[in-house]
Participant: 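Right, I'll just put the structure down here and ask away after.
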Amino acid sequence: MVKKIKSEPVDHLFDAILTLQNKEECYAFFEDLCTVNELISLSQRYEVAAMLKEHKTYLEIAEKTGASTATISRVNRSLNYGNDGYELVFGRLEK
């Protein structure tokens, strides 16, 4: 999967993100970079992943997050067959 998105422009974006030092800087950058709906969608997917990791049901997740079952399924597929990006972040946040 990484090969599908790896490019110089994506590298530049990630380099920019890695310069952010706190939540306020993240808010400022991402509010400029993304539409409100894009940012809400990204945060929703992250919440779905966290709830799937806690073994919540699709119904519980849909009710709490408003995510469609298609979105929940897509995130679940990433958790099970993706590049372990979610697991990397979850592991670091647990420390």
Participant: Members other than Tyr27 in its cluster, when Ile, Leu, Val, Met, Phe, Trp, Tyr link by side-chain heavy atoms under 4.5 Å?
Facilitator: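 Via sub-4.5 Å side-chain contacts, Tyr27 links to none.
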Participant: With rounding to the nearest 0.5 angstrom, report the CD1 to CG distance, Ile72 to Leu59.
Facilitator: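 Ile72 atom CD1 to Leu59 atom CG measures 8.5 Å (nearest 0.5 Å).
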Participant: Could you tell me the separation between the CD1 atom of Ile17 and the CD atom of Glu25, rounded to the nearest 0.5 Å?
Facilitator: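 Reported to 0.5 Å precision, the distance equals 13.0 Å.
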Participant: When you look at Lys6 and Val10, which way does the side chain to side chain contact (heavy atoms under 4.5 Å, CB included) test go after all the steps?
Facilitator: CA-CA 6 Å; Lys6 187 156 181 57; Val10 174; over 6 Å; no
Participant: Okay, side chain of Glu60, backbone of Lys56: is any donor-acceptor separation there less than 3.5 Å?
Facilitator: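 Pair absent, no side-chain N/O of Glu60 close to backbone of Lys56.
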Participant: Grab the two heavy atoms, one from Glu38 and one from Leu33, that are nearest each other, plus how far apart they are.
Facilitator: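 Between these two residues, the closest heavy atoms are OE1-O, 4.4 Å.
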Participant: When you group the ILVMFWY residues by side-chain heavy-atom contacts below 4.5 Å and let the links chain together, are Phe30 and Phe14 in the same group?
Facilitator: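 Same cluster: Phe14 reaches Phe30 through Ile, Leu, Val, Met, Phe, Trp or Tyr contacts under 4.5 Å.
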Participant: Supply the atom-to-atom distance Ile40 CD1 to Thr65 OG1, rounded to the nearest 0.5 angstrom.
Facilitator: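 Going from the CD1 atom of Ile40 to the OG1 atom of Thr65 covers 12.5 Å.
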Participant: Can you hop from Val75 to Leu93 via hydrophobic side chains spaced under 4.5 Å?
Facilitator: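 Same cluster.
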Participant: Please evaluate residues Ile61 and Glu47 with respect to the criterion side chain to side chain contact (heavy atoms under 4.5 Å, CB included), reporting the C-alpha separation (whole Å), side-chain torsions for both, the decisive distance (0.1 Å), and the verdict.
Facilitator: CA-CA 9 Å; Ile61 296 168; Glu47 290 301 313; over 6 Å; no
Participant: In Å and rounded to the nearest 0.5 Å, what is the CG to CD distance from Leu13 to Glu8?
Facilitator: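 CD of Glu8 is found 13.0 Å from CG of Leu13.
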Participant: Taking C-beta and beyond as the side chain, do Thr19 and Phe29 meet within less than 4.5 Å on heavy atoms?
Facilitator: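 No, every pair of side-chain atoms sits at 4.5 Å or beyond.
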Participant: Take Lys53 and Glu94, measure what salt bridge (charged side-chain N to carboxylate O under 4.0 Å, His left out) needs, and give me the verdict at the end.
Facilitator: CA-CA 13 Å; Lys53 185 174 170 17; Glu94 288 175 359; 3.7 Å; yes
Participant: Would the distance check show the side chain of Asn80 and the main-chain N or O of Asn76 forming a donor-acceptor pair, the cut-off being under 3.5 Å?
Facilitator: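 The answer is yes, because a donor-acceptor pair under 3.5 Å joins these two groups.
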Participant: Drop me the distance from Ser78's OG to Glu87's CD, to the nearest 0.5 angstrom.
Facilitator: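 One finds 11.5 Å between OG of Ser78 and CD of Glu87.
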Participant: For a quick test of reading the model, state the closest non-hydrogen atom pair linking Cys34 to Leu39 and the distance between them.
Facilitator: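 The pair with the smallest heavy-atom distance is CB-N, 4.2 Å.
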Participant: Is it the case that one hydrophobic cluster holds both Tyr81 and Ile5, taking links as side-chain heavy atoms less than 4.5 Å apart, direct or via other members?
Facilitator: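 Different clusters: Tyr81 never reaches Ile5 through Ile, Leu, Val, Met, Phe, Trp or Tyr contacts under 4.5 Å.
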Participant: Would a 4.5 Å heavy-atom cut-off, applied to side chains only, mark Tyr86 and Leu52 as touching?
Facilitator: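 Answer no - side chains too far apart.
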Participant: Atom CG in Asn37, atom CD in Gln44: separation rounded to 0.5 Å?
Facilitator: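 Rounded to the nearest 0.5 Å, the CG-CD separation comes to 10.5 Å.
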Participant: Does the side chain of Ser73 reach to within under 4.5 Å of the side chain of Arg77, using non-hydrogen atoms?
Facilitator: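 Yes; the side chains approach each other to less than 4.5 Å.
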Participant: Using modelled atom types and a 3.5 Å cut-off, is there a donor and acceptor pairing between side-chain atoms of Asn22 and backbone atoms of Glu24?
Facilitator: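 Answer holds: yes.
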Participant: Is there a path of hydrophobic side-chain contacts, each under 4.5 Å between heavy atoms, that joins Leu42 and Val89?
Facilitator: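 Per the 4.5 Å side-chain linkage, Leu42 and Val89 are not co-clustered.
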